[in-house]
Amino acid sequence: MTVAQSLGFPPGQPYIDTRMSEKSSSLARSYFTPSLRLAAVAALALLAGCAATDPTSEFTDPYEASNRQVHRFNKSVDRSVLRPTSQTYGTVLPAPVRRGVSNFADNLALPGMVVNNLLQARPGEALQNSGRFLFNSTIGLGGVLDPADSIRLYEREADFGGTLHVWGVREGAYVELPLLGPSTERDVVGKIVDFALDPLGRALPAGERGVKTGASYVKLLGDRYEYADTIDSILYDSADSYAQARALYLQNRRYELGGDDAQPDYDRPDYSDPYEDPYAQ
Amino acid sequence: MRNNPSRRSVLAGLAAGGTALSLAGPLAALTTSQARDLIDQVVADINSVINSRRSEAQMFADFERIFTRYADVQIIARSALGVAARQASAAQMRAFTDAFRGYISRKYGKRFREFIGGKLEVNDARPVKSFYEVKTTAYLRGESPFDVTFLVSDKSGRNLFFNLYIEGVNMLATERTEIGAMLDRRRGDLDALIRDLKTAG
């Protein structure tokens, strides 16, 4: 019997029950505290201002001119600060240490994902993320190790932008945020709400909350180092790095939001059968 | 891995080069299992490259061989060039396709190099519209598994893949954006683009 089975996970099954328990829904309710309600009101006000998305076009980018300015700014920050710092970080610390920091930060993000899993009415995913959090926080030594992966108890990524998508809110226009990078109007609102939501941060004393935030910044350095080739090629080798970043972000994000049955949307205009494409013949 | 005779003859033909292939005669219409078999082979080749511990340059050469053997580079190149392909001469299209093959192998070779120590696994295949979709999963160390989807068609006369999606990112659409931007930068000068593409990626 594996560790997973001893904890009640059936073999070969990434997760278990799909019924939402009373407990977990009241857990979700308890997060609707006054400050969250305030954030929700602010978020709704922002959403009301979302530009309508034309479903027949690949994307809406009415802020392209200012987005491009932000993109230039982000690139200069990357070139002068983020990239060099990440190179030092990656060179000084050995891979297992970097992996540990990254695991630690990922683990602390799980409670927030559980709340969003529930808001998206995906109790199975909430249970999977909760199981993962408990498993890695204990057996994984506070989340530094990731033994949950080896029993296929993978992370089920969720954020409030995704929750808005599930609730039927449209994507809105493409936005490039200073320091935070590519996003959409819907995801900007999502980020604000996730920041206000922060279930684990609320439960932690101020000092530990700082550790959580710090870990996520250090993880960012690790990611910048780990994926340096790809990120460099997008930012510095492509002919139009703004257009590339926009295309990559939107395609990947839409795919991710597809959830379990995520699949390329063959009906979208950014996909066309090249054998039937007028340009191709 | 299943070994149906038609696939074996196709692969034998491919291995022997383009001329041998034309002697193999017309192929039967592509089936789901043939599409799957093709990607089984692609994935096996990619897995052996990413676990070969060869140098970067050698890996890029390996990826170029994989692209040449299993991908419809001609249609991918033409589609990436977009409207400009209409005005291009036959000689320009040949030169562009050649340069594009190297470029795409280096560029996607870099992505696949991040898979070192990991593996791709073929899940399932299904017909979509006029082609086949073959889904694979990439298992990388320290990361949640993610999807890499290949689209396979026999419209070129051979069973080849003509597009791939890494976590939903569409190679054809992305390259059309990039090649379009490169062409704009060179004020539409296709010959300049071809020259620069030889070292890009």
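Lettering of chains follows the sequences in order, A, B, ..., and the numbering in each one begins at 1. All values below come from the heavy atoms of this structure, side chains included, with hydrogens, waters and symmetry mates left out.
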Could you state the interatomic distance from [atom1] ([X]) to [atom2] ([Y]), rounded to the nearest 0.5 Å?
{"X": "B:Asn170", "Y": "A:Leu248", "atom1": "CG", "atom2": "CG", "value": "10.5 Å"}
{"X": "A:Tyr154", "Y": "B:Tyr139", "atom1": "OH", "atom2": "OH", "value": "5.5 Å"}
{"X": "A:Arg253", "Y": "B:Glu167", "atom1": "CZ", "atom2": "CD", "value": "13.0 Å"}
{"X": "B:Arg106", "Y": "A:Asp237", "atom1": "CZ", "atom2": "CG", "value": "11.5 Å"}

| Hey, which of B:Glu178, B:Met182, B:Lys107 is the one that makes side-chain contact (heavy atoms from CB on, under 4.5 Å) with A:Ser238? | B:Glu178
| query | Where does B:Val128 contact chain A at under 4.5 Å (heavy atoms): side chain, backbone, both or neither? | reply | side chain
| Region of B:Tyr108 in contact with chain A, defined by heavy-atom distances below 4.5 Å | neither
| message | Quick check on the interface: out of B:Thr174, B:Thr177, B:Leu81, who has the most heavy-atom pairs with chain A under 4.5 Å? | response | B:Thr174
| B:Gln74 atom CD, over 12 foreign heavy atoms within 6.0 Å | no
| message | Once side chain to side chain contact (heavy atoms under 4.5 Å, CB included) is applied, do any residues pair with A:Tyr242, and if so which ones, sequence neighbours excluded? | response | A:Asp61, A:Glu64, A:Asn67, A:Arg68, A:His71, A:Tyr174, A:Glu176, A:Asp240, A:Arg246
Enumerate donor-acceptor pairs with a distance under 3.5 Å from any side-chain N or O in residues 194-201 of chain B to protein atoms, sequence neighbours excluded.
from, atom 1, to, atom 2, distance (Å)
B:Asp196, OD2, B:Arg186, NE, 2.5
B:Asp196, OD2, B:Arg186, NH2, 3.1
B:Thr199, OG1, B:Asp196, O, 3.3

| request: Quick one: do B:Ser130 and A:Tyr275 satisfy side chain to side chain contact (heavy atoms under 4.5 Å, CB included)? Show the steps, please. | output: CA-CA 9 Å; B:Ser130 58; A:Tyr275 296 100; over 6 Å; no
